[in-house]
Every structure is written in C-alpha cells, then in structure tokens.
> 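Have a look at this one before I ask anything.
These numbers were taken from a predicted model, which means no experiment stands behind them. Excluded from the calculations below are hydrogen atoms, water molecules and symmetry mates; all remaining heavy atoms, backbone and side chain alike, are included. In what follows, every chain begins at residue 1, and chains take the letters A, B, ... in the order their sequences are listed.
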Amino acid sequence: MSYKLLSEPIRKYIRSQGWEALRPIQAASISKILSTDHNYILASRTASGKTEAAFLPILSKTNFNEKGVQVLYISPLIALINDQVRRVEDLCKNLEIDVTKWHGEANRTLKKNLIKNPNGIVLITPESIEAMFVNAPYNITNLFGNLKFVIIDEIHSFLGVDRGLQLMSLLFRIQRKANKKFRIIGLSATIGDENYIHAKKLTGDVENTKVLLDRTKKPTIAKFKFYESESKELPLELLKDLYIETKENKALVFPNSRARTEEVAVKLHKISDRINGHKNYFSHHSSVDKEIRESVEFFAKNNQRDNFCISATSTLELGIDIGTVDKIIQIDSTYSVASLVQRIGRSGRKEGEKSVVCIYATEKWSLLQSLACWNLYKKDFLEPINTAIKPYDLLLHQLLSIVKQYSGIQTKDLIHELSENPVFEHISTEDIETLLHYSIEEDFLERIRTELILGLAGEKIVNSRDFYSVFSTDPDFKVIHSGRKVGQIPFSPQIQVNENLLLAAKIWKIKDIDHKAGIIEVIPAKDGKAPSFFGGTGGIHEEVRKEMLRILKSKDDYKELNQECKNILNELRFEFKNFDIRNFEADRPLITKEHQIILYTFSGTKINRSVSFLLAVSGYDVILNDNNSSIEIRTDSFAKAISDIKKNYEALDSHLEEKLIENDTLLSFSKWGIYLPMNYKIEIVKERYFDFKTAIAFINNMKIIKY
DNA sequence: GACCTGCTGCGGGCTG
C-alpha cells in the first residue's frame, strides 16, 4: 500500500534492493510523511530501517531541482555522518541528488562548492551549524533558506542535555532566518513513553509533532555471574571465564571504564595467545586514536568469518555500524537502564535472532544494581528525562552568538529574538534584560547608542574555537610510537618515564614526556598496568534504587543468576533481614552505632547529593557512598540532623553562594555557567546538579526503620 | 563509580 505512494525512481530503488517487504516503521512513515504535513518521531529498535523510513518518502516528495539545500540531516557524531553518507548516496544514486558532508573533518573544497551551488542533501553536526551562524551567517540563508526537511538522527542523545537545548535554539534560528517552515523527522531506538514530549519539544512545535512507534522487541537471554574483586584489577577467574564465553563469538565487552576496557582487551589477548586462539582482540574508547578505532569498526563490519572481541566504553553504544554481534558482555552494572537497552540492542541484529547478554559482577552492590536494571529492562522502563526549564547558561551563549551573527543588533530586536525562542519560553523578559545589563557591565557586550555589539571580553569568548560547543573537554597528551599516533590520554600523576601503560589493546613503556608539547613517546612492552583516567560525576535514577530495595526485601528467585550470584544475593538479603520494610516509597533502613549513623536512602544520586550537601553545611561530618546509596553521619541524634537539614534548606541560596564563591567545582557541569551573575549560577546549580525539592519531599515522607 | 560528543579562518609550505 505504502509502496504505491512512492515516486517511480524510489520504487525502482526498492525493487533493486530485493527487499521482501517494507518494515513496519517504513510502511507507516511513508504513508504519514507523504499524506500529512506533521513532524514525526520515528521510534523503533536498532537495525529496523529507520534511516530509509525517513529518507524514502522525503526523497519521493521533494523537488531537488529547486535552489537551496532541500534536506538537512543532523547527527550527534561525525562517525555516524561518515557511515550514513554512504547509505544516503546509495539511495540517491539514480536520482541525481547531491549529498554533502558538512563537519569539522569534512572536505573544504566540497563545502565551498556547496556554497557556490546550494542544493541537495547536507549531513551536519549541531556545532557546525553554530559555527556557521557565528562566522558566515549569510550562508544560513544561502544554504538553508529553502529547506523542506530536517532529519535528526539518534534524537534521544539530545534529550535532557545542554546539547539538545542548543540544537533546539539553532533550529528556531534557522527557521527564523529562512522565514519559512520546514518539517522535522526525529529518529530514535531508545525513547520511553514518558519522554516523547521532550522529543516533540525539540522540534519547537509540540502540537504538530506525532510519534510513529514500532514496539517490536527482540527476545533477550541474560545470565549473571559473580567473581569478587579484591583489588582494582579484574579477578583472574573472571577473565578465564570471560575468555571461554567470548572465544567462539563475535563479542562486545562493556567494562565501564577506559582503564578496564584496556585491561580486558590485553589480558584476553594474552590468554588467547597462550592457547592459540584468535588474535582479534581490540579496545575502543575515546582515548584510542581515531584511525585505529575506524579500522576496528571496519574489521567488525566487513569480516564474515572470523570471530572477534571488542572491549569498549559507550563509544560503541550509539548507532555506528559494526555489523552483527553474537553476544554482549557487561562487566558490573550500567549506570542506567537506557544504557543497558542500547548495549543489548547491539547483539542479534539479524532478523529472527535473539539478543544474548552475560552480566558479570565483581561486588555485591553492583550485582544488586545489575539485577535491578535487568528487571526494569524487562518491564520496558527507561529513566525519565529532565529538560532544564531555565537554561540561563545557554541564554548567555546564544545571546553572544546572535550578537555576532548580526554584527550589531538593536536591543529590542535582540530581546525579541531571545524571548520568541521556545528554548527560553520559561525565562522572563525581565531576566533577559537583567542578563543584557550584566553582559554590558562585564564587557561581553558594548552599547553604541541603541545598538549592541560584542565587547572586548565577548569577542574573546566568541572568537575562540571552543565557542561552538556547549560541553567541555580536558586537554589531552598525545601518545606516539615511532612517529605514529596510538591515542590521546588525559595527564595523570602516574604517567612517568619508564612506567607502563595500556592503550589500543597493547602494552607500552613510556620513554619520554614532553609536557610543553603534550606528547608522550612510548615503545612496546611486555607487561603493564592500566592508565588511570579522571572522570566526573554520574547519576543513578531513584527507580533503579527502589527496585534494588524491592529485590532485597522480596523472596523472588531469578533463573538468570548462577549459584554464586544467588549466594551473594542471599547474603545481602540476610544483612537487611531485620529491617521491617513494607512501603518501598517511604521506609528506609537506618543503622545506629556509637556517635554515628548510616542511612540507606535507596534513592537517586541527585537526591543523595542534595541531602549530603545540606548535612555538610549544617556542620556534620558526612560521607556519601553513592555506590550503595548510603549516607554516613557523625552524630548521636538523627532527629536533630533532620531538623538541621530543614533549617538549613531555608538558607539554601546563601549556602550555595558561599560554595560558589570558594570555587567553581559545583558548576563543572556547565561550560558557560561560569560567566553568569551569582543569582543565575545558583539557579542552574539548584536545577541541574542537585534536586533539593525532591530531596526535602523525600526526607519529609521518609519513615526510618531500625531493627 | 564513568563515559561520550565537536571545532573557524588564515597563511605558509608542499605537491602535482
């Protein structure tokens, strides 16, 4: 049915592919996109043909003889653009439609050609759009003035994060400059029912955006194993078992950190060498050189026969095409259910195959958390997304970007443009004016009669290469072996001459460190320990913690657990046996010792963080262990501690101000927040780093259970 | 107890 709606060249393409039938999401999107004017969110699992579901009807409907770029495809990753460009070119092969990559590593001559003759399809990143607004705003109208469709790939990766707000703002600004509406199609595999509203908001037109959903799920087989880890390194018994699990498979291993990713790749390779197994052990994460990573992806995608094992961080979580994988290994719990979904989705991609996952735990609480994530996975739970309501940091960033775009703008026009932008719909005009005045005081902006231009301090910020993105990264040291780059790592005190490090699945000895140039020279070595990398703070959602408590207090038996796991779970259950917990929302165990109490909150990271902060500013010695969600407080009276928390919550803003004056660590989540006036700094820290409202509600609602 | 993401314009030197 849908097939008949397509234009003849597209039908010809479909026939030439030898497809038996259109996939459900494709059939649905073809008829809807062709017969309505709505925006759509296409949600269906990995490898279900979403790219074609978007492009087939769009190519069929669009007249590419018109001047200007007709279709803009936006991706969160360069690697994904490089993957998708081949598929899109293949689709366009007989249609005489130009396809152009536009990102920081794309060919400049081809970009120039596009500017001379704007047409066809462009694949781009949000940062490249930002850069175009700042450096060549005339190209926005020149290229995108006649745009018909925007496709946003992996749209879930933009939801609830600053980068998504930036993209939302940029889409509005293109729309405004083009003075013409284009349709938006978002693609995603992992998006919960509660979260569609956030995807709709991103389009700027909630009313007019519909969701097309294919809920079909692959059956998943899971098994759990337990090997207690006594040091930082993985137990040998675990590695031996892991070797047996993976040796005759195409396997992906997710060990959660870059250091462990290297440890797994090197040690499995060693075991395999000893008994003449295959040699295809790789590591894949942000510190491994890009070319090496690409060759690993190429190997996985293009070899049918050989088995392999790639040890990876979340770099292999998104849609980069690595072909079919038989088995997923997760070492210790993922930090979210969403992440578990993405990882499991990478196995059994062929029709009719099952997904297979093997989860190892090295610590009892990690086992409990893994099991909680798995239970929630089976229930189709995904963490709800929080979109910032008042993103003052992005407001400042976009304010500077817009002033540069117009190279001088009337104050009232600037206020108008900002207050019309749906990203800032909850920020008042008074707030925008306050920020404008502050920006003039700080010399970010300069007033010339009624017009605003960039001030000296503003020029310095906007004219930096670092301006285009809303996230920050640490400077890296290049790791070089005889002139060839192996990767790049953040500097840490353990990095010393003659020390060893693991990188790109190989062991290296450090021969020389050039601190000024940021270069580490290495030679191959026989033995070594993993480099340690620095990291920030993450967050576990309260639903995962509640599920952990529920498992702990239930008598449920899980067939996915091996005997060792069952024993460990029983040990944990025994520890909490005497706490009479009936209401999983409110009842929380409390252990009282001499001058010290331990509260198990079984709540989310942000709530734990907020409670601990209020205790600390009340003068208590507090240790937050977010690993088992416990808060240790030095005190004899918990009741007194609770009343102090409530008392100090009333003076929260001044406590936060005090900490923010000390240093900016509380603000490290926001790249542009450091330039804000104090009251807005406090606002964004309260909204995004903590969650005091929920924390206080939690405290008020909590019923302490002792034994 | 983390992990990940992206990037201009200009000029100089080199290659074909």
> Of all residues at least two apart in sequence or in a different chain, which pass the ring-ring contact (aromatic ring centres under 6.0 Å, His included) check with A/F698?
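Partners of A/F698 under the ring-ring contact (aromatic ring centres under 6.0 Å, His included) test: none.
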> Under the 6.0 Å and 45° cation-pi test, does A/R609 pair with A/Y689?
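Yes, a cation-pi geometry holds between A/R609 and A/Y689.
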> B/dG1, OP1 or OP2 - any side-chain N/O from A/S366 closer than 4.0 Å?
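For B/dG1, neither OP1 nor OP2 has a side-chain N or O of A/S366 closer than 4.0 Å.
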> Would you indicate which nucleotide in B/dC4, B/dT5, B/dG1 comes nearest to any side-chain atom of A/R293?
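Output: B/dT5.
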> Any side-chain N or O of A/S469 under 4.0 Å from OP1/OP2 of B/dC7?
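Negative; the distance criterion is not met.
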> Checking A/R173 against A/F133: charged group under 6.0 Å from the ring centre and within 45 degrees of the axis?
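So A/R173 does make the cation-pi contact.
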> Go through the structure and list residues passing salt bridge (charged side-chain N to carboxylate O under 4.0 Å, His left out) with A/D289, not counting sequence neighbours.
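Checked A/D289 against salt bridge (charged side-chain N to carboxylate O under 4.0 Å, His left out); matches are A/K485.
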> B/dC4, B/dA2, B/dC7: which one has an atom nearest the side-chain heavy atoms of A/S314?
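Nearest to the side chain of A/S314 among the choices is B/dC4.
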> For A/N256, report the nucleic acid contact type (base, sugar-phosphate, nothing); a contact means any heavy atom under 4.0 Å.
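The answer is sugar-phosphate, as A/N256 gets under 4.0 Å only of primed atoms, P, OP1 or OP2.
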> Given B/dG6, B/dC3, B/dC4, identify the nucleotide with an atom nearest to the side chain of A/F471.
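Taking heavy atoms from C-beta onward, the closest nucleotide is B/dG6.
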> For a quick check, with a 4.0 angstrom heavy-atom cut-off, what is the B/S/- contact string for nucleotides 8-16 of chain B, read 5' to 3'?
BBB------
> Consider only side-chain N and O atoms of A/T125 and A/H103, and report whether a donor and an acceptor are under 3.5 Å apart.
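No, no side-chain donor-acceptor pair sits under 3.5 Å.
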> Using a 4.0 Å heavy-atom cut-off across all strands, classify A/E154 as base, sugar-phosphate, or nothing.
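No contact.
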> So A/S464, base contact, sugar-phosphate only, or nothing? Heavy-atom distance under 4.0 Å.
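The residue A/S464 makes no contact with any strand.
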> Among B/dT5, B/dG1, B/dC4, which nucleotide has an atom closest to any side-chain atom of A/R545?
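Closest nucleotide to the A/R545 side chain: B/dG1.
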> Indicate, with a heavy-atom threshold strictly under 4.0 Å, whether A/I78 touches base, sugar-phosphate, or nothing.
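If one applies the 4.0 Å heavy-atom cut-off, A/I78 turns out to touch the sugar-phosphate alone, with no base involved.
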> Over all strands shown, is A/S286 touching base, sugar-phosphate only, or nothing at heavy-atom distances under 4.0 angstrom?
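Sugar-phosphate contact only - A/S286 comes under 4.0 Å of backbone atoms but never of a base.
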> How far apart are the closest heavy atoms of A/L234 and A/E263, and which atoms are they?
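Heavy atoms only, the tightest pair is N-OE2, 2.8 Å.
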> Taking the side chain of A/D466 as heavy atoms from C-beta outward, which of B/dG6, B/dG1, B/dC3 is closest to it?
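Of the options given, the side chain of A/D466 lies nearest B/dG6.
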> Establish, for the pair A/R545 and A/F602, whether the NZ or CZ atom is under 6.0 angstrom from the six-membered ring centre and no further than 45 degrees off its axis.
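Relative to the ring axis of A/F602, which defines the angle, A/R545 lies outside at least one limit.
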> Could you check which of B/dC4, B/dG1, B/dC3 has an atom nearest any side-chain atom of A/S257?
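Looking only at heavy atoms from C-beta outward on A/S257, the closest nucleotide is B/dC3.
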